[in-house]
A.B. asks: 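Before anything else, here's the structure in question.
Each chain gets a letter, A, B and so on, in the order its sequence line appears, and its residues count up from 1.
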Amino acid sequence: MLKIYNTLSERKEEFVPLEKNKVKIYACGMTVYDKPHIGHARKEVAIDLIVRYFKYLGYETVYVRNFTDIDDKIIERANEREIDIKVLTEENIDAFYKATTALDLVEPDMEPKATEHIVEIVGMIEKLIRNGYAYEAGGSVYFSVKSFNSYGKLSRRNVDDMIAGTRFEVETEKNNPLDFALWKSSKPGEPQWESPWGMGRPGWHIECSAMATKYLGDTFDIHAGGRDLIFPHHENEIAQAEGATGKPFVKYWVHNGFLTVEGEKMSKSLGNFITVEDALKDYHPEVLRYFMLSTHYRTPIDFSIANLRETEKKLYYFYQTLKNLSFFALKANGEEVRNERAQSFINEFKEAMDDDFNSAKVVAAFYGIFKHLNDSLISKKTRPAPEECAGFISVIREAGEVLGVLQRDSVKVLEEIKDIQLQRYSINKDDVENLIYQRNEFRKAKDFEKADGVRDELKNLGISIQDTPDGTEWSFS
RNA sequence: GGCGCCUUGGCCAAGUGGUAAGGCAGAGGUCUGCAAAAUCUCCAUCUCCGGUUCGAAUCCGGAAGGCGCCUCCA
């Protein structure tokens, strides 16, 4: 039985879809004023895990992720760079797609853009005015927070308390400082669209309510996003959608925890702002994915060099083991048997995922099975039959598919990881192989002292070598 | 000031009332020309103080520390 932590109730709830075997998911996408950073990546990997698991469970999934391609920051940034807004947003959408491709994220079924849904947005605002939740003032339209009495239910805030804590804005068209803009009258030179209230553009929150209800209906199953969006973004989305439709908007609200960099919040001013593009220069995409999943999605995660290195080692170990396993599975001729240990692994996996998508527990289960495999593969006596080895591969791939890891050819991934490491440490591959060749020559000549000297040289580069029956292999230690 | 979260061994991290997963690092063993890799063994009573309970890391109250949101933020 799948349980999901619902921000609305602050507890884990059994997942019951609105329609049998079908799940409708909306995830707030990014506002494309800049390139995606690793915080975005965390959110995307988290929702990706969720979507993949629903598919794994056999649900028909409808997954919508938007692009917010019009807002203050975008206008500001475009002005700064003296480029057209469209140029800016398209550039960043491209960068986003590069990141999603590299991270092997499941493609959403729909990816609506705010600027392409002005009609729906205007329509929703009109409904809100008609329903008495919004008012026009000076060419802008505001949502009246006071008029919507369950305002604050998601973020557990009380409107009066909030007003008390607000510094009053001078000169405002708003009736109430907490009211938020649904439609903003445009200043000269800003992008603008026609509306019943004059030329203008949508406020920040309305596009999600309009697009989500358009594609998923008035009420749908899951709405996801980063923790920081709970207030005001999601709170406002609820007010807008429910104010317009009169129906409950979302059944389960899912929010991922934040990512820090070396223990600090990522921000431009601290200079620790890491784009996905940059992270991919130093780490294999699968390492990044696996890293994100090694902590439960609601728990804060720290993007630190130490943690990333550790993850890299783990993944390397897994693929190394998978490589050995594949060798022993060759004789199975396509036959596979899932023995008790393999089956228990799958059970562990499902149990962990059913528990609010606890990928951290899955990671532990992976450890257990890989350790078991390394242990048993080592000697003929304990080695599973080829068909069982094939069965192990199959369960690992099955669980790995949901996490989006361990799907690719072991040899290839091991090489890719090494290449990235070589690049990271600015070490030339040929130099390494030359040294290994030299060492083996010394070994053949039984000149172990010189051979060990070469090994020390390699060690200084951070490389360790393994003499195996098939020759000498090397890896970063 | 308001709302919420977190605090588990040197480090990362599970744990959601039944007697502390896993990993990294460290110590020792097996293997090895020596190593490495792999593997085995060892390594915590859960920030503190009260309470509820036969029994709590897990529930309640309080203290200390850290953090997030309340303005843009995944």
Side-chain angles (χ1 to χ4, degrees), chain A residues 3 5 7 10-12 27-31 33-34 36-47 71-73 76 152 155-158 160-167 169 178 204 224-233 235 255-260 263-268 291 294-302 304 306-307 309-311 313-314 316-317 320-321 324 348 352 355-356 358-368 370-379 382 439 443 446-449 451-452 455-456 458-459 463-468 472-475 477:
Chain A
K3 282 188 179 169
Y5 182 90
T7 307
E10 290 186 313
R11 59 188 49 174
K12 284 183 199 169
C28 284
M30 66 177 289
T31 300
Y33 69 95
D34 208 336
H37 58 245
I38 49 179
H40 291 115
R42 197 217 178 163
K43 177 250 154 188
E44 294 305 335
V45 170
I47 185 69
D71 97 314
D72 293 355
K73 278 203 156 172
E76 202 179 299
S155 54
R156 257 153 262 281
R157 277 155 217 255
N158 172 294
D160 295 325
D161 285 350
M162 281 193 283
I163 291 171
T166 310
R167 356 168 180 83
E169 299 162 45
L178 290 178
W204 171 36
R227 278 204 81 77
D228 55 324
L229 293 185
I230 295 173
F231 189 89
H233 188 60
E235 194 67 62
H255 294 98
N256 64 278
F258 255 48
L259 176 146
T260 53
E264 286 182 309
K265 184 174 172 171
M266 183 164 51
S267 74
K268 284 267 158 78
F291 167 73
S294 60
T295 301
H296 180 87
Y297 75 88
R298 280 190 285 115
T299 307
I301 190 168
D302 188 37
S304 68
N307 289 160
R309 297 279 160 84
E310 196 179 314
T311 305
K313 278 170 97 168
K314 285 177 185 175
Y316 198 87
Y317 163 80
Q320 193 83 47
T321 309
N324 293 337
E348 272 180 83
D355 185 12
D356 193 30
N358 198 332
S359 56
K361 274 193 199 165
V362 178
V363 166
F366 267 126
Y367 252 99
F370 278 113
K371 208 177 178 84
H372 167 78
L373 287 169
N374 267 313
D375 182 23
S376 54
L377 251 28
I378 206 163
S379 102
T382 52
R439 172 173 171 272
R443 286 177 74 215
K446 303 272 182 211
D447 189 346
F448 294 120
E449 207 168 305
D452 290 353
R455 187 171 59 205
D456 288 344
L458 285 160
K459 201 176 171 187
I463 289 166
S464 72
I465 50 180
Q466 297 90 242
D467 295 323
T468 76
T472 301
E473 294 181 7
W474 62 273
S475 59
S477 47

A.B. asks: Taking the side chain as everything from C-beta on, heavy atoms only, tell me whether E473(A) gets closer than 4.5 Å to Q320(A).
C.D. replies: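 When only atoms from C-beta onward are counted, Q320(A) and E473(A) do touch, with a gap below 4.5 Å.
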A.B. asks: With heavy atoms under 4.0 Å as the rule, sort R443(A) into base, sugar-phosphate or nothing.
C.D. replies: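 The answer is base, as R443(A) lies within the cut-off (heavy atoms under 4.0 Å) of a base atom.
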A.B. asks: Report yes or no: is there a donor-acceptor pair, N or O only, under 3.5 Å between the side chain of D467(A) and the base of rC34(B)?
C.D. replies: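 Check passes, donor-acceptor contact within cut-off.
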A.B. asks: Looking across every strand, which nucleic acid part, if any, lies under 4.0 Å from S477(A) by heavy atom: base, sugar-phosphate, or nothing?
C.D. replies: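 The answer is nothing, as S477(A) stays clear of every strand by at least 4.0 Å.
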A.B. asks: Mind checking if D72(A) touches a base, just sugar-phosphate, or nothing, with heavy atoms under 4.0 Å?
C.D. replies: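 Result for D72(A) = nothing.
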A.B. asks: Counting any heavy atom closer than 4.0 Å, what does L377(A) reach on the DNA or RNA strands: base, sugar-phosphate only, or nothing?
C.D. replies: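 No contact at all - L377(A) keeps every heavy atom at 4.0 Å or more from the nucleic acid.
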A.B. asks: 5'-most contact on RNA chain B: R455(A) or G368(A), nearest heavy atom basis?
C.D. replies: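 By nearest-heavy-atom nucleotide position, the 5'-most residue is G368(A).
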A.B. asks: Please classify the nucleic acid contact of N374(A) as base, sugar-phosphate, or nothing, using heavy-atom distances under 4.0 Å.
C.D. replies: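 Touches sugar-phosphate only.
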A.B. asks: What is the nucleic acid contact for R298(A), judged by heavy atoms within less than 4.0 Å: base, sugar-phosphate only, or nothing?
C.D. replies: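 Nothing: the residue R298(A), judged by heavy atoms under 4.0 Å, touches no strand.
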A.B. asks: Just name whichever nucleotide pairs with rC67(B), Watson-Crick or G-U, keeping both distances under 3.5 Å, else none.
C.D. replies: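 Base-paired to rG4(B).
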A.B. asks: Can a donor-acceptor pair under 3.5 Å be found between the side-chain atoms of K12(A) and the base atoms of rU16(B)?
C.D. replies: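 It does, because a donor-acceptor pair links the side chain of K12(A) to the base of rU16(B) below 3.5 Å.
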A.B. asks: Begin from the C-alpha positions of D467(A) and R439(A) and carry the test salt bridge (Lys or Arg N to Asp or Glu O under 4.0 Å) through to its verdict.
C.D. replies: CA-CA 11 Å; D467(A) 295 323; R439(A) 172 173 171 272; 2.9 Å; yes
A.B. asks: Between Y317(A) and rG22(B), is there a contact of a side-chain N or O with OP1 or OP2 at under 4.0 Å?
C.D. replies: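 So the side chain of Y317(A) is outside the cut-off, no N or O lying under 4.0 Å from OP1 or OP2 of rG22(B).
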A.B. asks: Is rC42(B) paired to anything, Watson-Crick or G-U wobble with both distances less than 3.5 Å, and if yes, which nucleotide?
C.D. replies: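 Matched rC42(B) with rG26(B) under the 3.5 Å cut-off.
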A.B. asks: Rounded to whole angstrom, note down the P distance from rG28(B) over to rG22(B).
C.D. replies: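 The same atom, P, in both gives a distance of 22 Å.
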A.B. asks: What interatomic distance, in whole Å, is found between P of rA57(B) and the corresponding atom of rC46(B)?
C.D. replies: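 It works out to 7 Å between them.
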A.B. asks: What contact category does G225(A) fall into here, base, sugar-phosphate, or nothing, at under 4.0 angstrom with non-hydrogen atoms?
C.D. replies: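 G225(A): backbone/sugar contact only, no base atoms under 4.0 Å.
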A.B. asks: For a quick check of understanding: with a heavy-atom distance under 4.0 Å over all strands, which category does K371(A) fall into, base, sugar-phosphate or nothing?
C.D. replies: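 Touches sugar-phosphate only.
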A.B. asks: With heavy atoms under 4.0 Å as the rule, sort N307(A) into base, sugar-phosphate or nothing.
C.D. replies: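 The residue N307(A) makes sugar-phosphate contact but no base contact.
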A.B. asks: Using both distances under 3.5 Å as the test, list the Watson-Crick or G-U wobble partner of rC48(B), or none.
C.D. replies: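 Pair assignment: rC48(B) / rG62(B).
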A.B. asks: When the P atoms of rG10(B) and rC43(B) are compared, how many Å lie between them, rounded to an integer?
C.D. replies: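 These two P atoms come out 15 Å apart once rounded.
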A.B. asks: Check whether any side-chain heavy atom of R157(A) lies under 4.5 Å from a side-chain heavy atom of E235(A), and answer yes or no.
C.D. replies: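 They are not in contact (no side-chain heavy atoms under 4.5 Å apart), so the answer is no.
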A.B. asks: Look up atom NZ in K459(A) and atom OG in S464(A), then write down how far apart they are to the nearest 0.5 Å.
C.D. replies: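 That separation rounds to 9.5 Å.
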A.B. asks: If you compare every side-chain N and O of K314(A) against the phosphate oxygens of rG22(B) (OP1, OP2), does one of them come in below 4.0 Å?
C.D. replies: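 For rG22(B), neither OP1 nor OP2 has a side-chain N or O of K314(A) closer than 4.0 Å.
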A.B. asks: Pick base, sugar-phosphate or nothing for K446(A), based on heavy-atom distances below 4.0 Å to the nucleic acid.
C.D. replies: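 Contact class for K446(A): none.
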A.B. asks: Could you measure between the two C1' atoms, the one in rA56(B) and the one in rC49(B), and give it in whole Å?
C.D. replies: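 Roughly 15 Å separates the two C1' atoms.
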A.B. asks: rU19(B) and rU30(B): how far apart are their P atoms, nearest whole angstrom?
C.D. replies: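 My reading of the P atoms in rU19(B) and rU30(B) gives 36 Å.
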A.B. asks: Between N or O atoms, less than 3.5 Å apart, protein on one side and nucleotides 2-6 of chain B on the other: list the pairs.
C.D. replies:
from, atom 1, to, atom 2, distance (Å)
rC3(B), O2', S155(A), O, 3.3
rC3(B), O2', R156(A), O, 3.1

A.B. asks: Looking for any heavy atom pair under 4.0 Å, which part of the strands does I465(A) touch: base, sugar-phosphate only, or nothing?
C.D. replies: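 Base, at least one base heavy atom under 4.0 Å.
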A.B. asks: Can you tell me, in whole Å, how much space there is between the P of rC70(B) and that of rC54(B)?
C.D. replies: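 Each nucleotide's P atom is 45 Å from the other's.
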A.B. asks: Going by centres under 5.5 angstrom and planes under 30 degrees, do the aromatic ring of F448(A) and the base ring of rG33(B) stack?
C.D. replies: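 One would call F448(A) stacked on the rG33(B) base.
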A.B. asks: Can you work out whether N256(A) or Y367(A) has the more 5'-proximal nearest nucleotide on RNA chain B?
C.D. replies: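 Whichever sits nearer the 5' end wins; that is Y367(A).
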A.B. asks: Can you check the distance between rC60(B) and rU52(B), where both ends of the measurement are the P atom (answer in whole Å)?
C.D. replies: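 Nearest-Å result for rC60(B) against rU52(B) at atom P: 15 Å.
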A.B. asks: Using only atom types and a distance under 3.5 Å, with no angle test, would you say the side chain of N358(A) pairs donor to acceptor with the backbone of K361(A)?
C.D. replies: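 Yes; at least one donor-acceptor contact below 3.5 Å.
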A.B. asks: I'd like the C1' distance from rG18(B) over to rC73(B), given in whole Å.
C.D. replies: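 Those two atoms are separated by 43 Å.
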A.B. asks: Using a 4.0 Å heavy-atom cut-off, does H37(A) contact any base of the nucleic acid, only the sugar-phosphate backbone, or nothing at all?
C.D. replies: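 If one applies the 4.0 Å heavy-atom cut-off, H37(A) turns out to touch a base.
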A.B. asks: Within the structure, does a side-chain N or O atom of K265(A) lie under 4.0 Å from either OP1 or OP2 of rC69(B)?
C.D. replies: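 Looking at the OP1 and OP2 atoms of rC69(B), one of them is under 4.0 Å from a side-chain N or O of K265(A).
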A.B. asks: Quick one: are V45(A) and R42(A) in side-chain contact, heavy atoms under 4.5 Å?
C.D. replies: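 The answer is no, as the side chains (C-beta and beyond) never meet within the 4.5 Å cut-off.
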A.B. asks: Would you please confirm or rule out a distance under 4.0 Å between OP1 or OP2 of rU16(B) and any side-chain N or O of K3(A)?
C.D. replies: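 No, because none of the side-chain N or O atoms of K3(A) sits under 4.0 Å from OP1 or OP2 of rU16(B).
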